[in-house]
Amino acid sequence: MTTYDAGDVTLEKVRDFVWEIPKQGDMRVPARVFASEALLEEISDDKTLEQLRNATQLPGITKYAICMPDGHQGYGFPVGGVGAMDARNGCLSPGAVGYDINCGVRMMTTSLTYDDVRGREQELVDALFANVPSGLGGGGIFEGTIGDVEAILADGVEWALRNDWAVTEDLEHCEDEGKRPDADPSAISQKAKDRGKNQVGSLGSGNHFLEVQRVTDIYDDGVAAEYGLEPDRLVVLIHCGSRGLGHQTCNDYLRRIEKTHAGMLDRLPDKELAAAPAGSQLAEEYYGAMCAAINFAWVNRQLIMHRTRQVFEQVFDRDWRDMEMHLLYDVAHNIAKKEHHQVGVDADGEVVTDDEHAVEYETRELYVHRKGATRAFPAGHEEVPSAYRAVGQPVIIPGSMGAGSYVLSGGERSLHETFGSTAHGAGRLMSRTQAKNEYWGGDVRTDLREQNQVYVKAQSGATVAEEAPGVYKDVDEVVRVSDALGIGDRVARTFPVCNIKG
DNA sequence: ATGTAC
């Protein structure tokens, strides 16, 4: 058997791109890493694998704990981690959702081509920067009352539709039509609502951005046509989350769960994995609060997208409908969701890790935690919007300002291997602090401009340094693994034209 | 990620 020795943790090779930490000691299930050896190398000397192994001790975790090819260490649970916990006797863990609840990306297609913008990149990036708020702290496209925030939390993109920040087709091209019905605004603290009320329609900082891109490569003509992607077309990629409101909500519930469920926490190997037992009052409250923060993030991305339509109208002096500025899809990167999945079981009724060993299948209701992972449901799945049901849901994977990004489609194997999930990005290679020692923002900006014709405008040079192309893993390799595994299939590739960020 | 720390 081939093994991979990563210090404290030894992995066994199951097959190409599939590695397992076998169940041992206090682990409830095995752990699996979906990666090439080159990507494994990147996580062999940090806490990623230890965190993944710890996650297997969470109550009700089903089949195995999963690390995606772009995985890296996070708060308690790896970024790039997927954990499916039984909804009857399992748990919900805020650390396995992430601080930035419903951090995610959406892509808007257009009928414009690269030629339409060449020579006018600076004008476009300036107009976007002036009209889309970014950076730390307050200032949003919409600033309202606590009552407005509560309506946003309850209704998601429906609120945006009511207030002329959306059209009906936007809802049809978003997971859950942009509204989690289980949202409970009363489960969000006053403090979180206060932080959110002047941040509706704002990018934030860190790795969040708005980028105009051009389609450079098509790998699947049929699916690309269904998605409205053609070579040379301009698209817009928006990456942001739930800002201070989601962060505050995660923090509020971590503290409450640590106190209320201290007994469960004592039996876990890391305090950062704090979890509320399924069915408990606090699990219900957290789920309601998380769903509300998810709605907030969807509205955030919706307002930024709609404002982008208005900016394009100014710059190109055409109606946005005439420029065919349609939402392709919005994907969540940090969420938990109650989903039904088929799991293979053996003759004793125990869940098997490889479906070929199953004697039958059972349907389980699971809280699927995806933290830095994308839902990737395949063709035919009833939760894929009807526009994409024949080809699978779009999966959008941002790379870096120097490497570009990918559009994939949900793969046929995803439900068997990863509870219908794939990677969410390139994954960081180095910390933000390390990045600022390695790079100078001004130089990164100049290099991108001169070598790649990419126009970057940011509130802070430090942010550009932190997001230099060199701080990211090879997104090509991440996508190659996803495609080879059949969990998310390559459809198209894009390259940046201009980028605004915090 | 984040009014970049309780």
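Values below: all heavy atoms of this structure, side chains included; hydrogens, waters and symmetry mates excluded. Throughout, a chain's letter reflects where its sequence line sits, starting with A, and its residues are numbered from 1. This structure is a prediction, so every number in the text was calculated from the model and none was measured.
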Practice prompt. Ignoring hydrogens and angles, tell me if any N or O in the side chain of E143(A) forms a donor-acceptor pair with the backbone of G140(A) under 3.5 Å.
Written response: yes
Discussion item. Quick test of your reading: applying side-chain hydrogen bond (donor to acceptor under 3.5 Å, both in side chains), list the pairs with at least one residue in residues 48-67 of chain A, sequence neighbours left out, ordered by first then second residue.
Written reply: D46(A)-T48(A)
Worksheet item: Between dC6(B) atom C1' and K271(A) atom NZ, what is the distance in whole Å?
Response: 11 Å
Worksheet item: Is a side-chain N or O of S93(A) found less than 3.5 angstrom from the main chain of L273(A), in a donor-acceptor match?
Response: yes
Worksheet item: Is the shortest side-chain N/O distance from R243(A) to OP1 or OP2 of dT2(B) below 4.0 Å?
Response: yes
Discussion item. Can you measure Y99(A) atom OH to dA5(B) atom P for me and round it to whole angstrom units?
Written reply: 12 Å
Worksheet item: Between dT2(B) atom P and E466(A) atom CD, what is the distance in whole Å?
Response: 11 Å
Worksheet entry | Gap between atoms NZ and C1', on K436(A) and dT4(B) respectively (whole Å) | 8 Å
Worksheet entry | Whole-Å gap separating P (dC6(B)) and CG (D252(A)) | 12 Å
Discussion item. I need the NE2-C1' distance between H247(A) and dT4(B), as an integer number of Å.
Written reply: 8 Å
Fill in: Whole-Å gap separating P (dT4(B)) and CG (N251(A))
12 Å
Practice prompt. Give one of base, sugar-phosphate or nothing for Q199(A), where a contact means two heavy atoms less than 4.0 Å apart.
Written response: sugar-phosphate
Fill in: Sugar-phosphate, base or nothing in reach of K191(A), heavy atoms under 4.0 Å
base
Discussion item. Classify G206(A) by what it touches in the nucleic acid, base, sugar-phosphate, or nothing, heavy-atom distance under 4.0 Å.
Written reply: sugar-phosphate
Worksheet item: Touch check for S205(A), heavy atoms < 4.0 angstrom, all strands: base, sugar-phosphate only, or nothing?
Response: sugar-phosphate
Response to the item:
Atom CG of L136(A) and atom C1' of dT2(B) are separated, to the nearest Å, by 7 Å
Worksheet item: Under the salt bridge (charged side-chain N to carboxylate O under 4.0 Å, His left out) rule, what pairs show up with a residue in residues 268-277 of chain A, not counting sequence neighbours?
Response: E258(A)-K271(A)
